[in-house]
> 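I'd like to ask you about the structure that follows.
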Amino acid sequence: MWDLSSSFVFSENDVGKNRALASLQKLQELNNAVVISTLTTTLTKQKLSDFRAVVFTDISLEKSLEYNDYCHNHQPPISFIKTEVRGLFGTVFCDFGPKFTVFDVDGEEPHTGIIASISNDNPALVSCVDDERLEFEDGDLVVFSEIQGMKELNDGKPRKIKSVRPYSFTLEEDTTDFGTYVKGGIVTQVKQPKVLNFKPLRAALKDPGDFLLSDFSKFDRPPLLHIAFQALNRFICEFGRFPVARSEEDAQKFISIAGNINECLGEGGVEDINPKLLTHFAFGARAVLNPMAAMFGGIVGQEFFYFDSVESLPVEPLDPIDFKPLNSRYDAQISVFGSKLQKNLEDAKVFIVGSGALGCEFLKNVALMGVSCGSQGKLTITDDDVIEKSNLSRQFLFRDWNIGQAKTTVAASAAVSINPQLKIEALQNRVGPETECVFNDDFWENLTVVINALDNVNARLYVDQRCLYFQKPLLESGTLGAKCNTQMVIPHLTENYGASRDPTEKQAPMCTVHSFPHNIDHCLTWARSEFEGLLEKTPAEVNAYLSNPSEYATAMRNAADAQAKDNLERILQCLEQEKCETFQDCVTWARLRFEDYFVNRVKQLTFIFPEDATTSTGAPFWSAPKRFPRPLQFSTTDPSHLQFIMAASILRAETFGIPVPDWVKNTKMLAKAVEKVIVPDFQPKEGVKIETDEKATSLSAGSVDDAAVINELLFKLERCRNNLPSGFRMKPIQFEKDDDTNYHMDLIAGLANMRARNYSIPEVDKLKAKFIAGRIIPAIATSTAMATGLVCLELYKVLDGAHKVEDYRNTFANLALPLFSMAEPVPPKVMKHRDMSWTVWDRWILRGNPTVRELIQWLKDKGLNAYSISYGSCLLFSNMFPRHKERLDKKVVDVAREIAKEDLPPYRSHLDVVVACEDDEDNDINIPQISVYYR
């Protein structure tokens, strides 16, 4: 029964069965491509030679030493990992052999820079464009490419750099006799392999070396835990069992054994064996807690790593009887925290926002912990997304057959199968201002805690504001590849999530993406935009027009702007000049698109800005980071050209409902069809404006003639519509990155790579293109498991309800390094006035449906002089406007209805106003938001 507290693959029906056999089916469901087998007989050393890596989770120290010696000395060495979780304490030991090569030391993409100049000096100074800061470090090796002039550096030889600045560095090489730098060039970091020499376990026990620290407030803890885990092994060997939970006698025996081990270590021992901590260790030693298991399941340690979360224990002392087993699935957890906290877990009302990778892990964790599994408990989870194929690599509650289904519905069903007692409601609503009728005041007020499992900052900020307003704890976390972070937002104890913000991710200027790309990301951004414009937005606009021509025409005339004109031109082009009736028409369209994108547009651009063009200041126009483009020459012998034509023509046919013939996949037959297309010669146009302003947000400008042009376009469209078959509609195509047979990624990769070829940018394969164009956020199961495990250790503290701010932990971890950094949350900023003090968590409440005058007097009694009252974006009162005096004796709610001209929601009994105040010395005082109750 104790296994049910920590393992999601077991149910009560499995009690008494072999663990491996009981796990097999559910583990196999996670990925049918991975063949899973079981071994239920005694494990021998020789059997280990069948494997490249072995992970031990439940094994004596003696056996560990025996197996590790064998693995360490085996040729080649077998990677050995040993991990244990004992209550709120855990350890990982890794031995990957005496010479283990790490080819990627940090898990990051190699950094690059665009060169602006290189001096002929010893050492040479390399300056880069100030487009982005350099991420190099002193001692890095780099290679150069595409340099014009100083071609000696283009030899691919790694060179060491030093004196790295934000936009420059020094090259440890004499370039005095090299050619003079002219222009261009890319500098790329070279990842250097690193050889690690792992100690075997036998040696590491005696001399563990430097421990990997996670919490700097516990810098002396790892050496003590190094002794404690050895002491536990001796206790089990001596007594044939774990220490009994809450047994003082067993705890004293355990402490005595630990003391003996420490004495034998001599100078290598610790000064204080901390009997209180060792008592906690002994009390919970038999229990494997789910959050600890989740966290350690995600960790790849470096030699010895020890961790504890003893702060998660209840603050108030409990009666020993509170820890007595109840013969329930929660007995392991009760043996550590007691039945009182277990009841708090079961009766909690929890809101999980998001049901992706983090959401699935959280659901599994809380189900195993018994959260919201009691008669008073309820867990609400919401997510408006459906399951995609790419989700399956880390969202482990989903299976192949769930693709296309609502995430929350499937996840909730899977969580109930883990723990049938879970009380859960699955919703498909996005959390935001538009759903406040669903997630109303009563909903928020009844919650115990909110857990965010989101993947975007705006949604996080909204939930943060809701939790701030209703004073609810918010447990925040996020992952990015091997990195993860957690943040605890606790009412009145910590600052809120929105109090500190990461810098926003830099977006490429629109003119860069459309005319001056200098990396493959720009090309893929453009390709995704063109895909959506050609195959989704234009067909949708066509259908909108055909569904109600007169209404659509009125809307365009009323808009009378450049966007309306562009819409109509695209519709007309689609239904007239580029209308397709046969598949050959689609091939023709694809071939002419190629010519337009990769030949004509480039010729037009270089006609306006020739290679020797200069700016208004006389500087070369085509200087870094701009790259001078060259038109492509279409050829049916180039496989990438034909692949583009095939993908484009198939998708064009789909939008027009034209059957796709089998011959399109035959290279020779497709080439014959392409050769039939007559491609007109290009003639450059005078007076064409190409946007070069990086601050511009639109590529087309309006003009005074827009209204006349729109009328003319509508007239042509009406004539064109009369020639269409009755009921004609197009089929818009929504981009779907996960279907490898739908040609979506083939077209996007083709668009991007042909454009990259125009600008001499290195091309990418379809998988890399999918990653960038599909906007896939790097995510792996290990960092997700670790983040959610850490958050659930904090959840114990929240639901205990008595912990101080110094007991909570925010975490940043990078499993690729590995790096673990834990710190206390930052307290909220305190503001004071007279004998009052408040923080961002405070909200003042005024009841009794007051008038404006009564609200002002209420503040006057606090020594605050109100001069302005606002409700949302509406100014209800200002002492600067004499006419506002008429409002003084009106109810605040009536003034709000009158000025805002909107009905207040029936589910709300108050409105929130922001009041600007001064003290008697005319100093502005920022006071909390005031909730004025009117019923």
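We count residues from 1, following the sequence as given.
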> Does Asn18 reach the main-chain N or O of Leu21 with its side chain, forming a donor-acceptor pair under 3.5 Å?
yes
> May I ask you to test the Leu379-Glu425 pair for a side-chain heavy-atom distance under 4.5 Å?
no
> What do you reckon, are the aromatic ring centroids of Phe281 and Phe229 less than 6.0 Å apart?
yes
> If I take atom OG from residue Ser214 and atom CG from residue Leu790, how far apart are they, to the nearest 0.5 angstrom?
9.0 Å
> How far does CD of Glu476 sit from CD1 of Ile451, to the nearest 0.5 angstrom?
11.0 Å
> Is a donor on one side and an acceptor on the other found under 3.5 Å between the side chain of Glu388 and the backbone of Ile403?
no
> Does one side chain, of Thr409 or Gln428, offer a donor that lies under 3.5 Å from an acceptor on the other?
yes
> Is the ring pair Phe283/His280 parallel, tilted or perpendicular, if the boundaries are 30 and 60 degrees?
perpendicular
> With a 3.5 Å cut-off and no angle check, do the side chains of Asn233 and Glu62 form a donor-acceptor pair?
yes
> Please report the C-alpha distance between Leu4 and Asp14 in whole Å, then the side-chain angles of each, then the deciding distance to 0.1 Å, and finally whether the side-chain contact (heavy atoms from CB on, under 4.5 Å) criterion is met.
CA-CA 9 Å; Leu4 301 184; Asp14 295 320; over 6 Å; no
> Tell me, do Val54 and Ile81 make a side-chain contact under 4.5 Å, heavy atoms counted?
no
> Are Phe305 and Phe820 close enough, and set up right, to give a ring pair (Phe, Tyr, Trp, His ring centres under 6.0 Å), and what steps lead you there?
CA-CA 10 Å; Phe305 172 69; Phe820 303 95; 4.7 Å; yes
> Is there a donor in the side chain of Tyr330 and an acceptor in the side chain of Gln421, or the other way round, less than 3.5 Å apart?
yes
> Can you tell me how far the CE atom of Met488 sits from the CG atom of Asp807, to the nearest 0.5 Å?
13.5 Å
> Given ring pair (Phe, Tyr, Trp, His ring centres under 6.0 Å), test Phe8 with Phe396 step by step and report yes or no.
CA-CA 11 Å; Phe8 70 93; Phe396 78 103; 4.8 Å; yes
> Does one side chain, of Glu346 or Gln342, offer a donor that lies under 3.5 Å from an acceptor on the other?
yes
> What are the two closest heavy atoms between Ile59 and Ser64, and how far apart are they?
CG2-OG, 3.3 Å
> Does the Lys NZ or Arg CZ of Lys45 fall within the cation-pi geometry relative to Tyr67 - under 6.0 Å from the ring centre and within 45° of the axis?
no
> Are Phe211 and His226 close enough that their ring centers fall under 6.0 Å?
yes
> Using only heavy-atom distances, determine whether the side chains of Tyr796 and Glu311 contain a donor-acceptor pair under 3.5 Å.
no
> Under 6.0 Å between ring centres, would you say that holds for Phe351 and Phe439?
yes
